[in-house]
K.L.:
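First, the structure itself, so that you have it in front of you.
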Amino acid sequence: MTLSLNIGNLFNDSSSHALVDELRKRTSKEEILDFEEKFNSKNEKNLHVYICRFLKNRTISRGVASRWLITIIENKESKINALQK
């Protein structure tokens, strides 16, 4: 992987473009969730925060952001539902 996952407080243009490129490479639900797990374990803020920033700053399209966020949210909801049973 060419992207350094630890972008922490140094969220500059090149690292944001690299993160968007890495996310765009992930097309399946499993790839997105795997990347999210790795990203969240190595960064101060969770991936969904960065996706929301990209969306707010219009760095990515609404369709791309919604696909990523729906995948992440559905995964979290399924984990919560499994724990409640």
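From a predicted model like this one, the values you see are computed outputs, not experimental measurements.
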K.L.:
Indicate the atoms forming the closest heavy-atom contact of Arg67 with Thr27, along with that distance.
P.N.:
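Heavy atoms of Arg67 and Thr27 come nearest at NH1-O, 3.9 Å.
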
K.L.:
Which heavy-atom pair separates Leu33 from Ile72 by the least distance, and what is that distance?
P.N.:
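Heavy atoms of Leu33 and Ile72 come nearest at CD2-CA, 4.2 Å.
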
K.L.:
Drop me the distance from Lys79's NZ to Gln84's CD, to the nearest 0.5 angstrom.
P.N.:
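Result: 14.5 Å between the selected atoms.
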
K.L.:
Say you draw a straight line from OG of Ser16 to CG of Asp21; how long is it, rounded to the nearest 0.5 Å?
P.N.:
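Answer for the OG-CG pair, Ser16 versus Asp21, is 9.5 Å.
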
K.L.:
What is the distance from atom CG of Asn75 to atom CD of Glu36, rounded to the nearest 0.5 Å?
P.N.:
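Result: 6.5 Å between the selected atoms.
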
K.L.:
Of all the heavy-atom pairs spanning Trp68 and Val20, show the shortest one and how long it is.
P.N.:
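Reported closest heavy-atom pair: CH2-O, 4.3 Å.
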
K.L.:
Between SG of Cys52 and CG of Asn57, what distance do you get to the nearest 0.5 Å?
P.N.:
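One finds 11.0 Å between SG of Cys52 and CG of Asn57.
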
K.L.:
Tell me the closest heavy-atom pair linking Leu23 and Ile51, and the distance in Å.
P.N.:
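Nearest pair, atom of Leu23 first, then Ile51: CD1-CG1, 4.2 Å.
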
K.L.:
Are more than 12 heavy atoms, taken from residues, nucleotides or ligands other than Glu31, located less than 6.0 Å from that residue's CD atom?
P.N.:
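Check passes, neighbour count above 12.
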
K.L.:
Work out which heavy atom in Ile60 is nearest to a heavy atom in Ala65; give both atom names and the distance.
P.N.:
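The answer is CD1-CB, 3.5 Å.
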
K.L.:
Enter the distance from Tyr50:OH to Asn43:CG here, rounded to the nearest 0.5 Å.
P.N.:
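Those atoms lie 5.5 Å apart.
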
K.L.:
Within the 4.5 Å heavy-atom criterion, are Val64 and Phe54 side-chain neighbours or not?
P.N.:
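No, side chains not in contact.
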
K.L.:
Any side-chain heavy atom of Glu77 within less than 4.5 Å of one from Ile73?
P.N.:
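Glu77 reaches Ile73 side chain to side chain.
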
K.L.:
Decide yes or no for Lys25 and Glu22: does some side-chain heavy atom of the first lie under 4.5 Å from some side-chain heavy atom of the second?
P.N.:
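Lys25 reaches Glu22 side chain to side chain.
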
K.L.:
Are the side chains of Lys76 and His48 in touch, meaning some heavy atoms are under 4.5 Å apart?
P.N.:
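No, their side chains stay 4.5 Å or more apart.
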
K.L.:
Any chance you could measure Asn46, atom CG, to Asn40, atom CG, to the nearest 0.5 Å?
P.N.:
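Going from the CG atom of Asn46 to the CG atom of Asn40 covers 4.0 Å.
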
K.L.:
So which atom in Arg26 and which in Phe35 form the shortest heavy-atom distance, rounded to 0.1 Å?
P.N.:
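Shortest heavy-atom separation between Arg26 and Phe35 comes out as NH2-CD1, 3.4 Å.
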
